[in-house]
Amino acid sequence: MVKIAHIAGARPNFVKIASLLKACQKEPGIESLLVHTGQHYSHSMSQSFFEELDIPQPDINLEVGSGSHAYQTAEIMKRLEPVLLEHKPDAVLVVGDVNSTAASVLVAVKLGIRTIHVEAGLRSFDRTMPEEINRIVTDSISDVLLVSDPSGVENLRREGIDDSKVFVVGNVMIDTLERNKEKADASDIVTRMNLDSKEYALMTLHRPHNVDQEDVLQNIVAALAKIQNDLQIIFPVHPRTKKNLSADGFGLNLNTLPNLRLIEPLGYLDFLKLMSEAKIVLTDSGGIQEETTILGIPCLTLRDNTERPITLTEGTNRLVGTKTDDILAGYRDALSDSCSGKRPDLWDGKAADRIVKILLEVL
Ligand code: UD1
């Protein structure tokens with residue numbers, strides 16, 4: 001029997017561990033311990049994902065909450081160490097690139113516990129992104145690196161990581177999408193919001209680069225102001241973005257734009273439904289670039305780079321940056337292009353099963 005401590009802390013982590021935990025539960029040789037760091041704690045950012053995705057309640061919640069990067073990372077490390085000492089897992093499994101990911105592997109490695117990173121090898125080559133630092137740190141000290149597409153293998157090789165640690169397994173976020181597509185289809189969010197299929201755009205925005213700098217956020221808002229004249233925009237607002245738009249932040253009042261509908265963050269199923277019925281999605285999220293690729297929905301990524309290049313070469317994604325005119329040009333191009341992209345190899349809903357097989361072999 002191998003005991004694996006799965007560690008998750010932020011919204012996108014929950015989507016990924018949902019499939020991993022299910023696959024581990026099916027395997028009698030694996031005992032799972034779930035640790036929630038508490039990086040995300042609001043119902044809409046955390047508990048609602050546990051409920052909708054049927055994730056078991058965490059065995060332990062470190063309840064670190066929000067704070068600066070140093071504070072959050074340090075608190076996770078301080079609170080996780082005694083948990084690992086007490087429960088003595090054979091391995092620690094982390095997903096993604098959030099502060100919880102990097103903090104957890106730092107603790108585990110120094111306790112001599114084997115570490116597994118799911119979604120390894122992604123690189124934006126932009127070290128101003130906190131996630132890029134988390135990716136580099138996590139991959140450089142993890143024992144088993146599970147990558148979602150071949151570009152991850154190349155990136156890790158370039159950093160001198162031995163091929164023997166690296167396995168291409170596919171994409172666990174897509175496992176969760178495939179498992180929940182039918183349930184999401186039954187969501188009544190489209191009618192509830194009085195929308196018509198393919199007659200709205202869906203928008204998300206939360207990257208510090210885009211929402212913590214007033215000029216960048218203003219450029220994006222100027223593009224939205226134009227787009228909403230043409231197509232209604234639905235915008236579930238992330239807490240970081242809400243704070244910065246508010247009078248306590250930059251005081252940008254979006255309520256003057258009649259066709260831009262600001263709503264609270266949505267649960268997984270409603271969001272998946274809204275994405276599948278949208279005419280186009282505008283985002284700076286990583287996961288949404290992947291999900292729109294599988295759904296065949298055009299996606300404009302409001303960033304200058306992406307750590308998920310396969311969504312550009314094979315999927316429906318376009319990098320449009322954050323300048324007003326570039327976003328508008330990307331919008332026009334995307335709507336006049338009928339390409340629906342193709343499914344990247346191994347993004348087939350079976351990544352977690354492949355991961356479990358590898359874990360049983362290497363642990
Ligand atoms: C974090 C991740 C990012 C991921 C994103 C998904 C890092 C470095 N960043 O960014 O990679 O894409 O999660 O959402 O780990 N807040 C709440 N409720 C919550 C959580 C946060 O209101 O449950 C508010 C707090 O005011 C907090 C702010 O949102 O200060 C930002 O949260 P934080 O976890 O620091 O970063 P995210 O922007 O969510």
Side-chain angles (χ1 to χ4, degrees), residues 7-18 36-51 53 58 61-77 79-80 94-106 117-120 122-124 126-139 173 176 203-213 216-217 235-250 262-268 271 281 283-291 301-303 305-308 311:
I7 308 197
R11 185 168 62 175
N13 289 172
F14 308 139
V15 179
K16 293 164 200 164
I17 59 154
H36 189 322
T37 65
Q39 177 172 347
H40 283 175
Y41 44 84
S42 303
H43 183 271
S44 62
M45 304 290 284
S46 175
Q47 185 56 25
S48 104
F49 285 77
F50 280 73
E51 287 163 10
L53 297 175
N61 192 325
L62 305 178
E63 295 181 353
V64 296
S66 300
S68 69
H69 286 273
Y71 170 86
Q72 200 169 55
T73 308
E75 277 305 311
I76 295 167
M77 291 181 70
R79 297 181 195 199
L80 180 62
V94 295
V95 293
D97 54 15
V98 301
N99 287 344
S100 300
T101 312
S104 303
V105 290
L106 271 168
H117 184 207
V118 175
E119 211 181 62
L122 298 185
R123 292 293 181 272
S124 65
D126 173 2
R127 291 198 177 198
T128 66
M129 272 182 96
E131 292 82 1
E132 183 74 353
I133 304 302
N134 291 339
R135 292 177 198 124
I136 294 167
V137 167
T138 304
D139 286 342
M173 196 164 232
T176 303
M203 163 94 199
T204 79
L205 199 69
H206 75 283
R207 294 269 160 226
H209 174 273
N210 288 351
V211 305
D212 290 0
Q213 308 184 78
V216 179
L217 191 53
F235 185 4
V237 187
H238 185 282
R240 173 188 287 278
T241 313
K242 187 174 183 178
K243 214 195 264 173
N244 291 346
L245 288 169
S246 76
D248 291 339
F250 307 131
L262 306 182
I263 58 173
E264 290 297 312
L266 292 167
Y268 182 81
F271 189 79
V281 173
T283 193
D284 59 5
S285 149
I288 293 172
Q289 297 171 50
E290 301 179 334
E291 290 165 336
T301 295
L302 279 61
R303 288 173 46 188
N305 50 60
T306 177
E307 60 289 332
R308 292 160 162 93
T311 61

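Atoms within a ligand are numbered from 1 in the order they appear, just like the ligands themselves. All values derive from a computational prediction rather than experimental measurement.
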Where is the tightest heavy-atom contact between N134 and T138, given as atom of each residue plus distance? O-OG1, 2.6 Å
Considering H206, H40, R240 one by one, which has a heavy atom nearer to atom 39 (O) of ligand 1 than any of the others? H40
Students should be able to answer this: which protein heavy-atom is nearest to atom 17 (C) of ligand 1, and at what distance? Y41 OH, 3.4 Å
For S66, the atoms of ligand 1 under 4.0 Å from one of its heavy atoms are 21 (C), 25 (C), 27 (C), 30 (O)
Please report the interatomic distance CE(M77) to OG(S104), rounded to the nearest 0.5 Å. 9.0 Å
Relative to ligand 1, is P12 under 4.0 angstrom through side chain, backbone, both or neither, heavy atoms considered? side chain
How far is atom 2 (C) of ligand 1 from its nearest protein heavy atom, and which residue and atom is that? V98 CG1, 3.7 Å
What atoms of ligand 1 come within less than 4.0 Å of a heavy atom belonging to P239? 16 (N), 17 (C), 22 (O), 24 (C), 29 (O)
Only one of E131, E307, E132 passes side chain to side chain donor-acceptor pair (under 3.5 Å) with S124; say which it is. E132
Just jot down the ring pair (Phe, Tyr, Trp, His ring centres under 6.0 Å) partners of F49, sequence neighbours excluded, or say none. none
Side-chain donor/acceptor of Q39 to backbone N/O of S100, under 3.5 Å: yes
Atom 7 (C) of ligand 1 has as its nearest protein heavy atom Q39 NE2, 3.6 Å
Atoms of ligand 1, numbered as shown, that sit under 4.0 Å from any heavy atom of K243: 26 (O), 30 (O)
Run down the list N99, N244, D212 and name the one with the heavy atom closest to atom 8 (C) of ligand 1. N99
Quick one: do the S44 and E264 side chains pair a donor with an acceptor below 3.5 Å? no
With sequence neighbours excluded, what pairs up with T283 under the side-chain hydrogen bond (donor to acceptor under 3.5 Å, both in side chains) test? T204
May I ask you to identify the nearest protein heavy atom to atom 11 (O) of ligand 1, giving residue, atom name and distance to one decimal place in Å? E131 OE2, 2.5 Å
Identify, for atom 37 (P) of ligand 1, the protein heavy atom at the shortest distance, and state residue, atom and that distance. H238 CE1, 3.8 Å
Which part of S42 is near ligand 1, with near meaning a heavy atom under 4.0 Å away: side chain, backbone, both or neither? both
Whether T176 side chain and V15 backbone form a donor-acceptor pair below 3.5 Å: yes
